[in-house]
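Following: one structure in structure tokens, then a few remarks.
The sequence lines fix the lettering, A, B, ..., with proteins before strands; numbering per chain opens at 1.
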Number of protein chains: 4
Amino acid sequence: MTRVKDDNKIARIFAATLELVLKNGYLELRMADVAKQAHLAIGTLYIYFKDKEDLINQLFIHLKSEKVSLMMQTYSAHDSFYITFKKLWFAYFGLSMQYPHKMLFIEQYVYSVLLRDDTKSRSEALIEPLLSILENAQKEHLIKDYSPQIILRHIMGSVLEVVKYFHAQKTQPSQNVINQCFEMTWNGIRQ
Amino acid sequence: MTRVKDDNKIARIFAATLELVLKNGYLELRMADVAKQAHLAIGTLYIYFKDKEDLINQLFIHLKSEKVSLMMQTYSAHDSFYITFKKLWFAYFGLSMQYPHKMLFIEQYVYSVLLRDDTKSRSEALIEPLLSILENAQKEHLIKDYSPQIILRHIMGSVLEVVKYFHAQKTQPSQNVINQCFEMTWNGIRQ
Amino acid sequence: MTRVKDDNKIARIFAATLELVLKNGYLELRMADVAKQAHLAIGTLYIYFKDKEDLINQLFIHLKSEKVSLMMQTYSAHDSFYITFKKLWFAYFGLSMQYPHKMLFIEQYVYSVLLRDDTKSRSEALIEPLLSILENAQKEHLIKDYSPQIILRHIMGSVLEVVKYFHAQKTQPSQNVINQCFEMTWNGIRQ
Amino acid sequence: MTRVKDDNKIARIFAATLELVLKNGYLELRMADVAKQAHLAIGTLYIYFKDKEDLINQLFIHLKSEKVSLMMQTYSAHDSFYITFKKLWFAYFGLSMQYPHKMLFIEQYVYSVLLRDDTKSRSEALIEPLLSILENAQKEHLIKDYSPQIILRHIMGSVLEVVKYFHAQKTQPSQNVINQCFEMTWNGIRQ
DNA sequence: TATGAATGAGCGTTCATTCAT
DNA sequence: AATGAATGAACGCTCATTCAT
């Protein structure tokens, strides 16, 4: 019997790729460096991923689902919508501040030419739980009844831009500033 | 006498670069293609721009100042702050929808490693007029007294993400949706 | 397992480079031609040598140590200094006539801007054995007590220029002429 | 009547080319820089010299005849051969130390692929006066009756190599060392 | 003659991918 | 499946030369 494809190797490749993207950006990402960082031979990379594009697309989906999953871990059916929303927003903001490159990697490349159409579709599907939460709140007239997609973009755009700003400044926002950002967003969508 | 340097060439190079970078992304941008698209020899490109990085940086500043300049054309000292803000926001949204290529280029690369620090500084300086308007409104307690920089990022991030969404969907937002976006933003920052 | 690095390739690259640089000079040396001449892909060249400068520097050291090594093979501790010197001189002259390409390469580039400082230092170190022989002869008052470095340059300069002359003329010196050259040099340094 | 080719411009081009070669070596010599240094437009260069090779060849002849001419200025019919030889040797050594790049330019490129055959022939002709002096000394049995060409190469090779050595060391030889070099040479050729 | 903007062939080098082991 | 040496297409950029003025 021959050995089968090794999930552990895939995890190592993902980790290596992300670490390199986070350190130097996508432009500096070299397949040879990924292999080295993952303690694999270059050839081995090509057993697990068809080519560089494939690696990026798979990593993208991996990260995006991880992100949504982490956010959804804050979810509790007992919470009011306001509490749910607040937890999700702070989770999103926190994750984005903690791993700005990771978030920028995810968001910068969503609509980029690097992603295949099927990756984009799968990515869209991942945010369904978040859209559902907004839709339910709209049924209860807790937030404006605008298109949930639009509301979501409004929220995420705001967060990402602010995070990018602090990242560029190489400073951290105070808790006060973060609260202010939340207020702007909440006041923008509340009924 | 000899052939005189032709400023029109710079415009052609900018147009060609923008078109190519938006079509295929920076990764796919080839200097040879820029030259061909601008109907120039490759060498000519290097008369006007030191290298690829320089081209991107100069194009960035060019587009960003053009954007602010177009927005500020809507400004009138007679207007109330609300009217001023509304005009500016709709100008920004309109420009972003009209020239999504330009706006996405600007925002994709604002904080990217491709931009030199001096380009980033010059870029920051360009938005000063917009920050001033927000500061004056704060003195009159018309909007929240959060950091103007943060408010601005919140506003721009929201617009860009929405525009990206429609651009990716290849659809146009209705006037109604645009108004809704404005409402979310205005309600987020109003006092 | 994979294909193992092939030391023979380095020899082929050295041979190809030397042949090309001597035929057309450094200015006309193209990495692509070296690869072709050595029956390698261009990329392979860059596995073994960092860049063109590195190739030239390594080749230089290789040839210079080969030259000194061949000369020193004539050395025998039993010989008188005069015999030792004569053997070394004739070896140097003979090698230079036999491989004018190699010798001219070495001398053309010794002090050239193409060579890194560390290459120059390593090159200096290689001639230590020759300097030692001169120093010992000075202790026995067999040759003038001028700086050994200067004496060595005087000797080598003379040989090289004569060799260059015959190489340019595409003729060979008679044994008589070679003896005359030796006499000039020996009479110049003898005590 | 139109203006004719301007000898002054040729002098400026020669001076500019030499200065740049002396400063940075031939590898760094750019036609555009020559034009700038000579305060001319690039196009003008090509009115006076067919191409870069032509410029180098003409400059070479210019410098070599200047060198011989400067050496021959030390010549006086009243001097004994020894005095004549000594003056010439010291002139050659002095010129070489004073303008090492100039001398290396002349000597390095004599047999180089940069020079056309007719340039080489003309160059050979220029050293005729020096060969004559040696031949006359041989008739008087003052020096060995070896081939004057060989004697001349022996002398020049020695000087050039020593000069190269000091140039590389970035030091100046003491008067004592220079005298020693002369002694080696004189003792090598004297009868 | 003089100018210098424009040209484009051609170079050094990189790096995703292949393939012999 | 795993390896990593080998490959070569393709890029950014230079600079000698041309040519419209």
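- Remark: C1' of dC15(F) and CG of Leu27(D) are 14 Å apart, rounded to the nearest angstrom.
- Closest to the side chain of Lys52(C), from the set dG12(E), dG4(F), dA16(F), is dG12(E).
- By the neighbour-count criterion of 12 heavy atoms within 6.0 Å, atom CZ of Arg122(C) is sparsely surrounded, having that number or fewer from other residues, nucleotides or ligands.
- Cation-pi geometry between Lys52(B) and Tyr26(B) is met: under 6.0 angstrom from the ring centre, within 45 degrees of the axis.
- Among the nucleotides dG12(F), dT17(E), dT7(F), the one closest to the side chain of Met31(A) is dT17(E).
- The shortest distance between side-chain heavy atoms of Ile47(B) and Lys9(B) does not fall below 4.5 Å.
- Ile47(B) places its CD1 atom 12 Å from the P atom of dT14(F), with the value rounded to the nearest Å.
- Atoms NZ (Lys50(C)) and C1' (dT14(E)) sit 13 Å apart, rounded to a whole Å.
- With distances taken from any side-chain atom of Tyr48(B) to the nucleotides dT1(E), dA1(F), dA6(E), the minimum falls on dA6(E).
- If you check dT21(E) for Watson-Crick or wobble pairing at under 3.5 angstrom, you find it paired to dA2(F).
- For Arg30(A), counting side-chain heavy atoms from C-beta on, the closest listed nucleotide (dT18(F), dA16(E), dC13(F)) is dA16(E).
- Taking atom CD1 of Ile42(B) as the reference point, atom C1' of dA16(F) lies 16 Å away to the nearest angstrom.
- Contact check, Lys9(C) against dA6(F): a side-chain N or O comes under 4.0 Å of OP1 or OP2.
- A donor-acceptor pair shorter than 3.5 Å cannot be found between the side chains of Gln37(D) and Asp33(D).
- Ring geometry for Phe14(B) against Phe49(B) counts as tilted: the plane angle lies between 30° and 60°, on a 0 to 90° scale.
- Nearest-nucleotide mapping onto DNA chain F: of Gly43(B) and Gly43(C), the residue sitting toward the 5' end is Gly43(C).
- For Tyr46(A), counting side-chain heavy atoms from C-beta on, the closest listed nucleotide (dT18(F), dT13(E), dT18(E)) is dT18(E).
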Q.
With salt bridge (charged side-chain N to carboxylate O under 4.0 Å, His left out) as the criterion, how do Glu66(A) and Lys64(A) come out once you've worked through the C-alpha distance, each side chain's angles and the decisive distance to 0.1 Å?
A. CA-CA 5 Å; Glu66(A) 184 189 61; Lys64(A) 182 123 182 186; over 6 Å; no
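- Take the nearest nucleotide of DNA chain F for Leu40(C) and for Glu53(B): the residue whose nucleotide is more 5' is Leu40(C).
- If you measure from atom NZ of Lys36(C) to atom P of dA6(F), you get 20 Å, rounded to the nearest angstrom.
- Of the nucleotides present, dT7(F) is the one that pairs with dA16(E) by Watson-Crick or G-U wobble criteria, both distances under 3.5 Å.
- Between the CD1 atom of Ile10(B) and the P atom of dA6(E) there is a distance of 10 Å, rounded to whole Å.
- Counting only heavy atoms from C-beta on, Asp51(A) has its side chain closest to dT17(E) among dT17(E), dT7(E), dA2(E).
- The nearest whole Å value for the distance from the CD1 atom in Ile56(A) to the P atom in dA16(E) is 10 Å.
- Across the protein-nucleic acid pair, Phe49(A) atom CZ and dT18(E) atom P stand 16 Å apart, rounded to whole Å.
- Mapped onto DNA chain E by nearest heavy atom, Ala32(C) and Thr44(D) fall at different nucleotides, with Thr44(D) at the one closer to the 5' end.
- Between Leu45(D) and Leu29(C), it is Leu45(D) whose nearest contact on DNA chain E lies nearer the 5' terminus.
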